[in-house]
Number of protein chains: 2
Amino acid sequence: MTISADVARRATNRGTPGRVGDVRRQNLALIMHRLDAAGQMTRAQLAAETGLTKASVSSLVADLMSAGLLSEVGLNRVGERGRPGLGVALNTEAAALGMEINVDYIAVGVLDFAGELHFHAVREQHNAGRPPEEVLSSLQSLADEALEQAGGSGMKIHAGGLAVPGLVDPANGRVLRAPNIGWRDVNVALWAEALVSGASFGTAIFNEANTSALAELWYGHGRDLDNYLYVSGEVGIGGGVIIDSELFEGPGGNAGEIGHVVVDPDGPDCSCGGVGCLERYAGQEAILAQAGVDGGNTVERMGALRVSLESQDAAALAAVERAGHHLGVATASTLRMLNLDAVVLGGHFAQLERWIVPAFRGSVNRHAPALLAEDRILVSKLGPTAAVMGAAGSRIRSVLQKPYELFS
Amino acid sequence: MTISADVARRATNRGTPGRVGDVRRQNLALIMHRLDAAGQMTRAQLAAETGLTKASVSSLVADLMSAGLLSEVGLNRVGERGRPGLGVALNTEAAALGMEINVDYIAVGVLDFAGELHFHAVREQHNAGRPPEEVLSSLQSLADEALEQAGGSGMKIHAGGLAVPGLVDPANGRVLRAPNIGWRDVNVALWAEALVSGASFGTAIFNEANTSALAELWYGHGRDLDNYLYVSGEVGIGGGVIIDSELFEGPGGNAGEIGHVVVDPDGPDCSCGGVGCLERYAGQEAILAQAGVDGGNTVERMGALRVSLESQDAAALAAVERAGHHLGVATASTLRMLNLDAVVLGGHFAQLERWIVPAFRGSVNRHAPALLAEDRILVSKLGPTAAVMGAAGSRIRSVLQKPYELFS
DNA sequence: TCATATAGTTCAACTTGAAAACTAATTCAG
DNA sequence: CTGAATTAGTTTTCAAGTTGAACTATATGA
């Protein structure tokens, strides 16, 4: 397994000549995307919906089948009369490995090309401050288990993705900064070469908030929205921006850092070196401190906070309302700059929905009136599997985008 | 002249099948972009640099020449020996019309495909509150003059672009909101049909800050930068975001509104309905009021402000420093969210460079340390022609991108 | 003056999709 | 239970467009 830089970037084309073969590459991707969206279709349906001719579809499907990416899934009645079509679908034996390192746990999962999650496993362990080698080695053993099981079921893993809570450099397989687990410039690529004995696929590295935003896109609210701001509330606050049903990465690949948007120029210092960042008002530590909840690890304290909220504890309610207010300020600024029209709240913001959303909504409306419709404030549907699914899904998307790279 | 929706958007491809002819379209665009960048090249050079064969280049150039987009420009010695090549360049007789409506003036210009501005004319007139028809009719007479002169010089206008200081809906040729000239939902498309008697080209409508940002990209600092935030300081504050050498428009086409990013949640109300927006601290009105400069129109008062600054007037210095400070806050948040690494200041921020940049720099470093290098705070090189050049340039880019649309 | 070098064109081969004809498999009416 | 109608999928022919090699055109320099 090697860390690769082939994270799907926007195909600019500019600068490279068009070859005749490019047309086929585009059409192969088109077929894959269509089947991904529709689940199962006959060649005739594919032809009708893509605009390609039946002849072309037959030829494209044949290539994709012999690469193991598609499979026929039995007869498929379409009209009342006439010859029934053979259903074609993404091969559920083709899959990607998703991995996650977070503050209090590591997780892995195998996601097949149809979007089904197999062999999902979470191992609770506190990773903050531990040496990266130790964490990565623990992750490796968990991944090995998943791969063994997947192999036993006849699945073939085509790619791997790893989500971490920090800034990454995907091109070089590095974690630049992950303050909440204490990592700084860790070369995951070096380690990944050795990960998963005998595995022959490449692994890419992602920011956890970004993969969660993508998981939401493919497996959650994204089915109904083509652009939104995803806010990931963990110990830190991360963000992911979806535009035109794609992750907006920014020039350096690290866009969406809403946790460090300034919400009060005269506010407290932040661990990022800045001043008045959102994270200092709406991160888990900040809320818990403000609410006066202490003792135990962060997960336990968040549980205690919920109890306090249920019992109408004034300090807890005020702390959450304050967080919602500031989250609204950062969101309003973001909506203006990026011209988005929906927001999806994840992580602890999802857990605190009942108490935080009213203050959040009020604040957004105050600072950016009419920019965010009533029904465009949503709460993530996905649980703790989000990051793993997003990491694996990202790699599956790379294959959908460039299926011909797996041709022999 | 008709308002058209063919504003160059990102070619997503997804959803449409690739046809064999698409390859040629891409290569035609490639030739155009290459010549735009290099100015003048022989066919052999084009082949070497694009990766196309000489045969293909000859064929592509022939098509582009018969459409009037390219012309041969005489012999061009390349090597010491051998047959000399014929230089090929963008036809300088092909051009686009740029127009601008702003608070205190209207302007037009004819920009040829090589980037030379001809027949630039500015008419000073106060447009705030005047009926749109009146302003547009005045613009029409100015445009007629430019077109007549251009026609007399044998130039052919292929497209027109209009920049206005407000939010636009390019697809429908509408100005949605332009508070500083008092327009609200003005259908420019309807009027444009009649504009410029006999003209047969389409006109597109743009946001002034966006065209200025693009002008900077093509004719200013953009030659050295592929991503930056452009901040346009006029009566209002607009913004344009450049990513990968393209304008970032956002899902709705109105991204970059930095003037209404929140810089103080408890600040004053803004004309946009929000609270604590940057414009209330760093817009011309705000600075002038804070500095205690009054009397006369905005242009005159800005002149008076400069005089006060030159003579170290305390109130003036404090007002500008305050503006710089808040501009820094909004910029820091923007850099985080969009992951940009340069800023170009335009409009009055350029005029006030000496006094505003230190405060701005300090504030950005305070809120987003290490995100913006010392030498990445730049001041626009372009004068008052920026918006007109950007508007015309945008249309020229559309032609570079899709030259085949002009084939007969 | 001729060898050499470079520019540009012509032409056969190849890839690929479109369009239409053709084969295959099913329903339904009589 | 048989044949017409209908729909699915394949085969064949054709056109677009790029490549690569051969060829023509035009220069320099010994």
Side-chain angles (χ1 to χ4, degrees), chain A residues 13 16-31 34-35 38 40-66 70-89 403-404 407, chain B residues 13 15-31 34-35 40-66 70-89 403-404 407:
Chain A
N13 294 345
T16 57
R19 304 267 155 72
V20 178
D22 295 346
V23 179
R24 191 166 190 83
R25 285 191 249 286
Q26 181 177 334
N27 289 336
L28 288 164
L30 179 61
I31 298 286
R34 201 79 212 162
L35 286 173
Q40 193 205 90
M41 300 173 79
T42 66
R43 292 169 176 79
Q45 284 175 314
L46 278 167
E49 295 197 12
T50 58
L52 291 160
T53 59
K54 290 188 292 172
S56 299
V57 170
S58 284
S59 160
L60 293 162
V61 165
D63 278 7
L64 292 168
M65 276 181 40
S66 52
L70 299 185
S71 55
E72 286 183 335
V73 291
L75 288 185
N76 190 332
R77 260 282 44 99
V78 178
E80 287 298 293
R81 302 152 77 107
R83 171 177 168 181
L86 281 163
V88 174
Y404 45 88
F407 286 9
Chain B
N13 294 346
T16 56
R19 304 267 157 73
V20 177
D22 295 345
V23 178
R24 192 166 188 80
R25 285 192 249 285
Q26 181 177 333
N27 289 337
L28 288 163
L30 179 61
I31 298 286
R34 200 77 214 164
L35 286 173
Q40 193 206 90
M41 301 174 79
T42 66
R43 291 167 176 81
Q45 285 176 315
L46 278 166
E49 294 197 12
T50 59
L52 291 160
T53 60
K54 290 188 292 174
S56 298
V57 171
S58 284
S59 160
L60 292 161
V61 166
D63 277 9
L64 291 167
M65 277 181 41
S66 51
L70 299 185
S71 54
E72 285 181 334
V73 291
L75 286 186
N76 190 335
R77 262 277 48 101
V78 176
E80 288 298 292
R81 302 153 76 109
R83 172 177 166 179
L86 281 163
V88 174
Y404 45 87
F407 287 9

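The figures here come from the full heavy-atom set of this structure, side chains too, leaving out hydrogens, waters and symmetry mates. The structure presented is a predicted model; accordingly, all values stated were derived computationally and were not measured.
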Without swapping roles, check the side chain of A:Ser59 against the backbone of A:Ala55 for a donor-acceptor pair under 3.5 Å.
no
How close or far is atom C1' of D:dT18 from atom CZ of B:Arg43, stated in whole angstroms?
18 Å
Residues A:Thr50 and A:Val57: closest non-hydrogen pair is OG1-CG2, 4.5 Å
Can you build the contact string for nucleotides 16-27 of chain C? Use B for base contact, S for sugar-phosphate-only contact, and - for no protein heavy atom under 4.0 Å.
BSSB----BBBS
Calculate the interatomic distance between B:Gln45 atom CD and C:dA5 atom C1'; express it in whole Å.
16 Å
Could you give the CD-to-C1' distance, from B:Glu49 to C:dA7, as a whole number of Å?
15 Å
Which heavy-atom pair separates A:Val88 from A:Leu35 by the least distance, and what is that distance?
O-CD2, 3.3 Å
Whole angstrom is fine here: how far is it from CD in A:Gln26 over to P in D:dG17?
15 Å
Nearest-angstrom distance from the residue atom CG of B:Leu28 to C1' of D:dT18:
13 Å
Rounded to whole Å, CG of A:Asp63 lies from P of D:dT10 at a distance of 13 Å
Can you tell me how far P of C:dG8 sits from CE of B:Met65, to the nearest Å?
11 Å
Ionic contact status for A:Asp22 with A:Arg19, cut-off 4.0 Å:
no
With no hydrogens and no angle check, is any side-chain donor or acceptor of A:Asn27 less than 3.5 Å from a backbone partner on B:Gly18?
yes
Please check: side-chain N/O of B:Gln45 versus main-chain N/O of B:Gly87, any donor-acceptor pairing under 3.5 Å?
no
